[in-house]
2 protein chains.
Amino acid sequence: MSIAERKERQKIELRAKILDAARMLFLEQGYEQTSIRNIADKIEYSPTTIYLYFKDKDDVFYALHQEGFALLRQFIRPLEHVSNPFERLKALAKVYTTFAMENTEFYDLMFTMPAPMNALQKEEWTEGDMAFGFLLQTIRDCQAIGYFEGMDTEVLSYTVWSMVHGICSLEIRGRCSKVLSDATHENIVAKATAQVLHILEKMNPPR
Amino acid sequence: MSIAERKERQKIELRAKILDAARMLFLEQGYEQTSIRNIADKIEYSPTTIYLYFKDKDDVFYALHQEGFALLRQFIRPLEHVSNPFERLKALAKVYTTFAMENTEFYDLMFTMPAPMNALQKEEWTEGDMAFGFLLQTIRDCQAIGYFEGMDTEVLSYTVWSMVHGICSLEIRGRCSKVLSDATHENIVAKATAQVLHILEKMNPPR
DNA sequence: ATAATTAACTTTACACCGTTAAGTAAGTAA
DNA sequence: TTACTTACTTAACGGTGTAAAGTTAATTAT
């Protein structure tokens with residue numbers, strides 16, 4: 001039985017090797033520039049071997065997509081211990097933008113690339129749910145202590161996510177440098193995030 | 001001289017034909033699926049002819065990028081006559097999201113695709129400036145009547161743009177349908193936009 | 001022990017892609 | 001009529017994702 005076990009192990013190892021190579025190339029050069037052939041070259045296997053482990057290119061990058069969410073979760077996890085809901089919301093926004101700016105390729109893959117969404121299809125996207133679930137709960141907790149009175153929790157959560165995502169997305173795709181003065185553009189992500197939080201705080205303080 | 005003029009006219013016509021074909025294919029099938037060869041097929045010229053009129057593929061789509069901004073401008077122009085600045089801001093947000101949802105491929109090209117930004121490089125991006133300039137002026141006008149007191153006009157404008165862009169971007173890339181309940185997802189763009197405007201209104205009403 | 005089967009991987013090939021260099025045919029100018 | 005220019009095409013290079021068929025070695029069955 002040990003032979004079969006070794007083989008099973010080797011299959012898992014090769015799968016991991018493929019993903020390691022894919023991750024390295026992807027983080028260095030982005031999605032478009034990373035080809036199945038590049039990955040195969042890097043691990044010294046033939047390109048078609050990769051198709052024995054993944055359905056297609058999107059399937060490979062869907063695995064990285066999931067890695068991205070696992071990483072985001074690592075960023076978010078410490079915030080579970082922030083007891084004040086609004087402080088937690090503020091920390092969440094900062095951590096989210098930090099994650100995005102420090103892992104732009106991952107962020108792109110997770111939220112702005114058309115690519116591996118075909119792969120995930122109707123699937124559960126549990127990791128994505130978890131992150132959004134944390135935001136949802138945080139907003140709910142804020143409402144429990146008097147913030148955001150009378151607003152729909154789900155819609156508000158989505159809106160807050162949109163706000164912060166918009167900031168990161170515009171910055172990553174370089175649509176702001178063209179339109180802002182240099183002084184304003186410096187640290188614009190931090191400035192805009194602070195602006196959002198300021199607005200949320202002033203809007204509806206707890207009675 | 002008339003022959004030279006006719007030739008000049010024909011060159012302009014062919015350029016326009018290329019762009020017409022590119023636009024049709026692009027709006028039907030998106031950027032990745034639209035190839036130089038497809039465009040050439042459609043107009044019954046050889047692929048290489050296109051390179052006599054455009055530097056490369058990005059250069060073709062940069063022309064469409066500009067068309068997109070011209071179209072957005074058409075959407076925005078009527079709002080110049082809305083005298084109340086905050087009403088104008090509200091209308092602008094709605095018009096912007098309407099434009100995005102009715103022209104998702106254009107919107108993608110303009111704001112979320114890496115593609116033709118290489119082409120525009122250090123160039124002026126005047127059309128983009130105009131749209132942002134209108135927002136900037138509207139926010140300034142809002143501040144003149146007491147809204148958004150003490151906030152940096154440029155940062156706030158960028159933040160507002162980010163908010164609305166985030167809403168459109170998440171919707172277009174389908175990152176919300178996975179995470180929202182069906183009921184909330186219905187009309188989420190309109191709901192989230194309304195939410196943003198509600199927050200902006202409640203946050204800092206004029207004295 | 002030998003034959004049949006299976007697993008893991010490779011070779012080859014197809015149909016695309018963006019782009020360049022060289023070739024061609026028609027029109028213009030000398 | 002000859003030389004040149006313009007507008008376009010053909011052919012080709014080096015790349016892509018992916019499917020089908022081939023190979024080789026290990027395992028199982030007889």
Side-chain angles (χ1 to χ4, degrees), chain A residues 1-22 25-26 28-65 109 113-119, chain B residues 1-22 25-26 28-65 109 113-119:
Chain A
M1 262 308 153
S2 178
I3 291 172
E5 278 171 19
R6 189 208 65 213
K7 287 199 172 179
E8 194 57 34
R9 242 183 297 130
Q10 283 178 337
K11 275 184 79 169
I12 291 170
E13 272 168 30
L14 183 47
R15 204 192 122 98
K17 261 188 101 168
I18 293 170
L19 283 181
D20 286 348
L25 291 171
F26 166 70
E28 269 169 31
Q29 331 179 344
Y31 176 83
E32 290 296 338
Q33 296 308 313
T34 303
S35 71
I36 296 288
R37 283 169 157 90
N38 292 160
I39 299 170
D41 264 15
K42 187 141 199 157
I43 59 173
E44 297 174 296
Y45 278 80
S46 88
T48 48
T49 297
I50 291 170
Y51 287 88
L52 303 172
Y53 291 82
F54 296 93
K55 190 181 147 289
D56 55 21
K57 190 184 174 184
D58 272 8
D59 198 29
V60 176
F61 285 89
Y62 177 58
L64 295 185
H65 179 102
L109 192 64
M113 288 185 52
M117 290 310 273
N118 311 326
Chain B
M1 265 308 151
S2 177
I3 292 172
E5 282 171 18
R6 189 209 64 214
K7 287 198 172 180
E8 193 58 34
R9 240 184 299 130
Q10 283 179 336
K11 275 183 80 169
I12 291 169
E13 271 168 30
L14 184 46
R15 206 192 120 97
K17 261 188 100 168
I18 293 169
L19 283 180
D20 286 348
L25 290 171
F26 166 70
E28 268 169 32
Q29 332 179 345
Y31 176 83
E32 290 297 338
Q33 297 307 314
T34 304
S35 69
I36 296 287
R37 283 168 155 93
N38 292 160
I39 298 169
D41 264 15
K42 187 141 200 160
I43 59 173
E44 296 174 297
Y45 280 80
S46 88
T48 49
T49 297
I50 291 170
Y51 288 88
L52 303 171
Y53 292 82
F54 296 92
K55 189 182 147 289
D56 54 22
K57 190 184 176 185
D58 271 8
D59 197 29
V60 176
F61 284 90
Y62 177 57
L64 295 185
H65 180 100
L109 193 64
M113 288 186 51
M117 290 310 274
N118 310 327

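Because the structure is predicted, anything quoted here is derived from the model rather than measured. Within every chain, numbering begins at 1; the chains are lettered A, B, ... in the order of the sequence lines, protein sequences first and strands thereafter.
Whole-Å rounding puts the B/Y51 OH to D/dT9 C1' distance at 15 Å. Put simply, CG on B/D58 is 11 Å from C1' on C/dG18, counting in whole angstrom units. Here D/dG17 presents its C1' atom at 16 Å from CG of A/L25, a figure rounded to the nearest Å. If you take CD1 of B/I50 and P of C/dG18, they are 9 Å apart, rounded to a whole angstrom. Distance CD (B/E13) to P (D/dA7): 14 Å, rounded to an integer number of Å. Atoms CD (A/E32) and P (D/dG15) sit 17 Å apart, rounded to a whole Å. As a whole-Å value, the separation of A/F61 CZ from D/dT16 P is 12 Å. Between the C1' atom of C/dC16 and the NZ atom of B/K57 lies a distance of 12 Å, rounded to the nearest Å.
Atom CD of B/E28 has more than 12 neighbouring heavy atoms from other residues, nucleotides or ligands inside a 6.0 Å radius.
Taking CD1 from B/I12 and CD from B/E8, the interatomic distance works out to 5.0 Å, rounded to the nearest 0.5 Å. In this structure, CD1 in A/I43 is found 9.5 Å from CG in A/D20, a value given to the nearest 0.5 Å.
Counting non-hydrogen atoms under 4.0 angstrom, A/L14 reaches the backbone sugars and phosphates but no base.
Nearest-nucleotide positions on DNA chain D for A/K55 and A/Q33 put A/Q33 closer to the 5' end.
Comparing C/dA8, D/dA7, D/dT9 by their closest approach to the side chain of B/K11 singles out D/dA7. With distances taken from any side-chain atom of A/S46 to the nucleotides D/dT18, C/dT10, C/dG18, the minimum falls on C/dT10. Here the side chain of A/S35 is nearest to one of D/dT16, C/dA8, C/dC9, namely D/dT16. In the set C/dC9, D/dT18, C/dG18, the nucleotide with an atom closest to the side chain of A/L52 is C/dC9.
Residues satisfying the side-chain hydrogen bond (donor to acceptor under 3.5 Å, both in side chains) criterion with B/S46, sequence neighbours excluded, are B/T48, B/T49. Considering only residues two or more places apart in sequence or on other chains, B/N38 meets the side-chain hydrogen bond (donor to acceptor under 3.5 Å, both in side chains) condition with B/S35. Evaluation of the side-chain hydrogen bond (donor to acceptor under 3.5 Å, both in side chains) rule for A/Y31 yields A/D58 as partners, not counting sequence neighbours. Not counting sequence neighbours, A/D41 has no partner by the salt bridge (charged side-chain N to carboxylate O under 4.0 Å, His left out) test. Here A/R15 pairs with A/L19, A/Y53, A/F54, A/A63 under the side-chain contact (heavy atoms from CB on, under 4.5 Å) rule; sequence neighbours left out.
Taking 4.5 Å as the limit, every side-chain heavy atom of B/M113 sits out of range of all side-chain heavy atoms of B/H65. Counting only heavy atoms from C-beta outward, the side chains of B/V60 and B/F26 never approach each other to under 4.5 Å.
In this structure, A/T49 does not reach the C/dC9 phosphate: none of its side-chain N or O atoms is under 4.0 Å from OP1 or OP2. Regarding contacts with the backbone of D/dC8, a side-chain N or O of B/Y53 is found under 4.0 angstrom from either OP1 or OP2.
In the helix from C/dA1-D/dT30 to C/dA30-D/dT1, the terminal helix axes, each the rotation mapping four pairs' C1' atoms onto the next four within five end pairs, subtend 30°, rounded to 10°.
Of the residues in residues 36-44 of chain B, those placing a heavy atom less than 4.0 Å from an atom of DNA chain C are B/I36, B/R37, B/N38, in numerical order.
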Which is it for B/I36 and B/Y51 under the side chain to side chain contact (heavy atoms under 4.5 Å, CB included) test, yes or no, and what are the steps along the way?
-> CA-CA 9 Å; B/I36 296 287; B/Y51 288 88; 3.8 Å; yes
Heteroatom pairs (N/O) under 3.5 angstrom, protein to nucleotides 21-25 of chain C:
none

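Without hydrogens or angle criteria, B/K57 side chain to B/T34 main chain gives a donor-acceptor distance under 3.5 Å.
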